[in-house]
Amino acid sequence: AISLFSGCGGSDLGLERAGIAVIRAIEKNRSACDFYEHLLKSNVIEQADIQSVDVFGKADILVGCYPCQGYSQGGKRKSSESINYLYREFDRALRQVKPVAFIVENVDGMRFSQNNHLLQNQLCRFRSAGYRVSWRILDAKDFGVAQSRKRLFIVGIRSSEGKRFEFPNPTHGPMGTKPYRTQRNAIWRFRESTENEFNDEPFHWYYLSRNRRKDWDEPSATVVARDRHVGLHPDSPRLIRLSTDEWIFSETENTGRRLSYLECAALQGFPAPKKFKSQSLALRYRAIGNAVPPPLFEAVCNSLKDQLRKRNRSF
């Protein structure tokens, strides 16, 4: 596989765990590249602006998780921003690499009315490049991640293969065969850790505009990239709703704390959270929150590989 917009390597960990070798990865952010090298113990990552890359090479699979600020429900929500058009660079790479298949991941906000024209434009481009394209919203908690995290996946298989990708069925929750993984499953081991580093800024009004706490026996809320907005640790007091967008702690003497970077990494499904310790706390949170949960990406990769093998035994 060739990986574009690779971040700290969440997608590429998923690829490797599915038995797919990553031969090239491109990421613009320097700190994300450093995390990638630590997490994957690989030197295939290169720091570059994709717009400056002329030759991408060849691979069986092309993957890309282009930035999503304009699509995010928690972001600026401006579909006119140039960052929302980086899919054109992925399309350029797709037409050059000509892989058997590709996988794209982005936030689910892309499907909403104000952004739907951008989604439709991507689907049209990828189909005109010669691929049968499918898309679906997947929730990470349905695939063994201890976190509610909805993401949009676009998967295309070269038309000559004569097959359209079928998304995997949930493995966890009411639609699967296993119970949801919970915060207790994922982060209990860090409860007494002296290495739990977290943002300890006061909780301002925006933070308390919603309920940011989940119980031990629930999946966490979506892990975000901004350290100041990360959810509350399950040992924190419950929040009480006073009115629309206004919550307070049930205990005045104890306001608890935010989740640590170790806990956020574990909730994302990273197998070695302590490997994020190489840089500043804010950069750790940013890389973790922007990443694709490796188990979720792995589930899509496994399904794609199995379906391609049915058509081509040499794959």
Side-chain angles (χ1 to χ4, degrees), residues 1-50 53 56-68 86-87 89-90 93-94 96-97 99-107 138 140 143-145 147 149 151-156 165 168 223 225 264-279 283-306 308 315:
I2 292 174
S3 167
L4 308 179
F5 310 98
S6 307
C8 68
S11 61
D12 296 12
L13 276 170
L15 282 162
E16 291 197 349
R17 286 162 62 164
I20 300 171
V22 180
I23 60 172
R24 188 182 189 189
I26 300 172
E27 167 56 43
K28 183 177 181 180
N29 184 271
R30 177 67 260 170
S31 63
C33 291
D34 290 341
F35 283 127
Y36 186 107
E37 291 176 345
H38 277 85
L39 291 166
L40 281 86
K41 296 181 180 179
S42 170
N43 60 2
V44 302
I45 187 76
E46 53 192 275
Q47 182 188 8
D49 185 334
I50 194 171
V53 178
F56 293 94
K58 296 296 180 181
D60 298 306
I61 297 175
L62 181 68
V63 305
C65 309
Y66 24 86
C68 58
L86 286 173
Y87 66 81
E89 294 300 318
F90 183 86
L94 180 66
Q96 184 187 123
V97 177
V100 177
F102 71 85
I103 305 173
V104 164
E105 181 268 358
N106 217 306
V107 294
L138 301 179
F143 296 90
V145 179
Q147 175 193 176
R149 189 182 189 90
R151 288 298 183 266
L152 183 145
F153 280 80
I154 305 173
V155 182
F165 179 70
V223 172
C264 287
L267 291 168
Q268 279 276 62
F270 283 99
K274 291 182 181 180
K275 288 188 176 181
F276 281 98
K277 198 173 183 179
S278 62
Q279 298 188 49
L283 289 176
R284 296 176 215 173
Y285 275 113
R286 178 181 175 184
I288 293 165
N290 282 332
V292 185
L296 175 59
F297 210 84
E298 179 186 3
V300 175
C301 291
N302 276 327
S303 186
L304 176 60
K305 188 172 70 169
D306 290 344
L308 290 174
F315 183 82

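The shortest side-chain heavy-atom distance between Glu105 and Phe297 falls under the 4.5 Å cut-off. With contacts defined as side-chain heavy-atom distances shorter than 4.5 Å, the pair Leu13/Leu40 qualifies. A heavy-atom distance below 4.5 Å is found between the side chains of Leu304 and Phe165. Val44 places none of its side-chain heavy atoms less than 4.5 Å from the side chain of Arg24. Put simply, the side chain of Leu94 reaches to within 4.5 Å of the side chain of Pro99, judged on heavy atoms. Between Cys8 and Leu39, some side-chain heavy-atom pair lies under the 4.5 Å cut-off. Between Phe276 and Tyr285, every side-chain heavy-atom pair lies at or beyond the 4.5 Å cut-off. For the pair Val97/Ile2, a side-chain contact is recorded, criterion being any heavy-atom separation below 4.5 Å from C-beta on.
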Open item on the list: Pair Gln47, Lys28 - check side-chain contact (heavy atoms from CB on, under 4.5 Å), show working.
Closed with: CA-CA 5 Å; Gln47 182 188 8; Lys28 183 177 181 180; 5.8 Å; no

Open item on the list: Pair Asn290, Arg286 - check side-chain contact (heavy atoms from CB on, under 4.5 Å), show working.
Closed with: CA-CA 6 Å; Asn290 282 332; Arg286 178 181 175 184; 3.6 Å; yes

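Between the Gln96 side chain and the Phe56 main chain, a donor and an acceptor come within less than 3.5 Å of each other. Using modelled atom types, one side-chain atom of Ser6 and one backbone atom of Ser3 make a donor-acceptor pair closer than 3.5 Å. Proximity of a side-chain donor or acceptor of Lys305 to a complementary backbone N or O of Ala18 within less than 3.5 Å is detected. A donor-acceptor pair is defined here as one N or O able to donate and one able to accept, closer than 3.5 Å; such a pair exists between the side chain of Glu27 and the backbone of Gly7.
Partners of Glu37 according to the side chain to side chain contact (heavy atoms under 4.5 Å, CB included) rule, which considers only residues two or more places apart in sequence or in another chain, are Arg30, Asp34, Ile45. Residues passing the side chain to side chain contact (heavy atoms under 4.5 Å, CB included) test with Ala140, sequence neighbours excluded: Val145, Arg149, Pro293, Leu296. Applying the side chain to side chain contact (heavy atoms under 4.5 Å, CB included) rule to Ala266 yields the partners Ile187, Arg189, Phe190, Pro273; only residues at least two apart in sequence or on another chain are considered. When the side chain to side chain contact (heavy atoms under 4.5 Å, CB included) test is applied to Asn43, no partner is found at least two apart in sequence or on another chain. The salt bridge (charged side-chain N to carboxylate O under 4.0 Å, His left out) test applied to Lys274 returns Glu195, not counting sequence neighbours.
With rounding to the nearest 0.5 Å, the separation of OH in Tyr36 from OG in Ser42 is 5.0 Å. To the nearest 0.5 Å, the span separating CZ on Arg151 from SG on Cys65 amounts to 10.5 Å. Atom CG of Leu308 sits about 9.5 Å away from atom OG of Ser303, to the nearest 0.5 Å. Atoms CZ and CD1, from Phe5 and Ile26 in turn, are 9.0 Å apart once rounded to the nearest 0.5 Å. Leu86 contributes atom CG, which lies 7.5 Å from atom CD1 of Ile50 (distance to the nearest 0.5 angstrom).
The heavy-atom pair separating Leu62 from Ala93 by the smallest distance is CD2-C, 4.0 Å. When all heavy atoms of Cys301 and Leu15 are compared, the pair lying nearest together is SG-CD2, 3.5 Å. Summarising the geometry of Ala25 relative to Val22, their closest heavy-atom pair is CB-CG1, 4.4 Å, with the distance given to 0.1 Å.
A side-chain donor-acceptor contact under 3.5 Å links Gln268 and Gln147. Between Asn106 and Tyr66, the side chains place no donor N or O within less than 3.5 Å of an acceptor N or O (distance only, hydrogens not considered).
Between Phe102 and Phe90, the ring planes are perpendicular. Angles over 60° get that label, and only those under 30° would be called parallel.
For the side chain to side chain contact (heavy atoms under 4.5 Å, CB included) test with Val155, the passing option among Ile103, Val63, Ile61 is Ile103; the others fail.
Legend: salt bridge (Lys or Arg N to Asp or Glu O under 4.0 Å) pairs involving residues 291-302, not counting sequence neighbours, sorted by first then second residue: Arg17-Glu298.
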